[in-house]
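All figures in this text were calculated on a predicted structure; none of them were measured in a lab. All chains are named by letter (A, B, ...) in the order of the sequence lines, taking the proteins before the strands, and each is independently numbered beginning at 1.
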2 protein chains.
Amino acid sequence: MPRRDGTGPMWWHGRFRGCGYRITAGREAILDTLMIADKHLSAEDIYNKIHNAYPAVGLTTVYRTLEILVTMNLVFKFDFGDGRARYELVEGSKKSHHHHHLVCKECNRIIEYTDFINDEIELLKKTEKGLSKKYNFEIISHIIQFYGICEKCKKKR
Amino acid sequence: MPRRDGTGPMWWHGRFRGCGYRITAGREAILDTLMIADKHLSAEDIYNKIHNAYPAVGLTTVYRTLEILVTMNLVFKFDFGDGRARYELVEGSKKSHHHHHLVCKECNRIIEYTDFINDEIELLKKTEKGLSKKYNFEIISHIIQFYGICEKCKKKR
DNA sequence: AATGTTGATGAAAATCATTTTCATTAACAG
DNA sequence: CTGTTAATGAAAATGATTTTCATCAACATT
Ligand SMILES: [Mn+2]
Ligand SMILES: [Mn+2]
Ligand SMILES: [Zn+2]
Ligand SMILES: [Zn+2]
């Protein structure tokens, strides 16, 4: 049984092993970083955060691990329009909870919101059910993003 | 008054001029291509489609024009996970009507759906109003995408 | 219609995030 | 402890997108 207190196997070890992946120091460090993160990190962000404690972990491994995590649906991969992919732990994994994003088209600032999230989720559930039946499409996750101009950018005009 | 029958100035000329942009053959060709398109085109797709009729239009111009169109909110820019940006005319511009997407994580196939779109739009309207007030964020557009496994990929397993 | 200003353009070079290659290391099953 | 094979880092490659810069052309003005 996975612990939550830092001792024993992490919650994700089982899923990792189950998919035939090995547990390595680099992968632990990357997951730890994602769990602590309070922002949407790029591969390089993660590499930089890890580098002091684990100088042996290269950027390549960060990319490779993130790809695995996305495939396993443990991590979301976002394109917020700033030229690099951004990663975020899927909710439920740790502190992250279900939310959606406001994206500023001007400065790429991201606002996370949970307002109306219950109404949204209710509708999404219904929609998912209908769509997966009609198109025989197995829905795993969704993205909702609003694009526009943030408060600060509006003032600058 | 812009015509819709192919004679006279196109519907977008006014907006273009108003922003200080000039009307050029390349830009006409790119807009035409987007209006005819039935798929989500990449910059190179557009370049290839145009190239026979307008050999003078280069890939660089396609990129530059698309950037303008996205900034002007005439075109959506999507990242469907296949390594290149995809573009689609904003609804109302021509034949395109409001819809959302199902994205297959396995083969990157895209399914457009309009089912439940009315319920979605209704909720989105309410959400937009609340969010724009709470965060003082001017909402211009939104993206809703469901990720999962498409019918064909499910059968392959 | 001719002219001048300045935005638009293409070709080639540069960028730069991400991927691939390949020799070496290390996880972990037995 | 040992063998098998996935994982890794460093360096090179890739490839979409951007930048540079000399030249062209849209269009406001005359
Ligand atoms: Mn987030
Ligand atoms: Mn579409
Ligand atoms: Zn902003
Ligand atoms: Zn598929």
- Interatomic distance, Ile50(B) CD1 vs dT9(C) C1' [rounded to whole Å]: 13 Å
- Glu28(B) has an atom CD; how far is it from atom C1' of dT9(C), in whole Å? 16 Å
- Task: Output yes when at least one side-chain N/O atom of Arg27(A) is less than 4.0 Å from OP1 or OP2 of dA7(D), else no.
- Result: yes
- Task: Round to a whole Å and report the spacing from OH of Tyr47(A) to P of dT18(C).
- Result: 15 Å
- Message: Is it true that, when you exclude Lys154(A) itself, more than 12 heavy atoms of the residues, nucleotides or ligands shown sit nearer than 6.0 Å to its NZ?
- Response: yes
- Message: With a 4.5 Å cut-off on side-chain heavy-atom distances among I, L, V, M, F, W and Y, is there a chain of contacts connecting Tyr54(A) to Leu66(A)?
- Response: yes
- Note on the structure: To the nearest angstrom, the CZ-P distance between Arg64(B) and dC21(D) comes to 14 Å
- Query: For the side chain of Ser132(A) and the backbone of Lys129(A), is there at least one donor-acceptor N/O pair under 3.5 Å apart?
  - Reply: yes
- Item | For His99(A), the option from Glu88(A), Glu120(A), Glu91(A) that meets side-chain hydrogen bond (donor to acceptor under 3.5 Å, both in side chains) | Glu88(A)
- Task: Measure the distance from CD1 on Ile30(A) to P on dA7(D) and round it to the nearest whole Å.
- Result: 12 Å
Produce the list of close N/O pairs, under 3.5 Å, pairing protein atoms with atoms of nucleotides 26-30 of chain D; give distances to one decimal.
residue, atom, partner, partner atom, Å
dA26(D), N3, Arg22(B), NH1, 3.2
dC27(D), OP1, Arg17(B), NE, 3.0
dC27(D), OP1, Arg17(B), NH2, 3.2
dC27(D), OP1, Ile23(B), N, 3.0

Protein N or O to nucleotides 16-18 of chain D N or O, pairs below 3.5 Å:
residue, atom, partner, partner atom, Å
dA16(D), OP1, Arg84(B), NH2, 2.6
dT17(D), OP1, Ala85(B), N, 2.9
dT17(D), OP2, Tyr63(B), OH, 2.3
dT17(D), O5', Tyr63(B), OH, 3.3

- Message: Checking His97(B) against Glu112(B): is there a side-chain donor and acceptor pair closer than 3.5 Å?
- Response: no
- Between dA27(C) (C1') and Phe16(A) (CZ): distance, integer Å: 13 Å
- Item | Qualifying side-chain hydrogen bond (donor to acceptor under 3.5 Å, both in side chains) pairs, either residue in residues 24-33 of chain A, two or more places apart | His13(A)-Glu28(A)
- Quick check: are there more than 12 heavy atoms from other residues, nucleotides or ligands sitting under 6.0 Å from CD of Glu106(A)? yes
- Message: Given 3.5 Å as the limit, does a donor-acceptor pair link the side chain of Lys105(A) with the main chain of Val70(B), or not?
- Response: yes
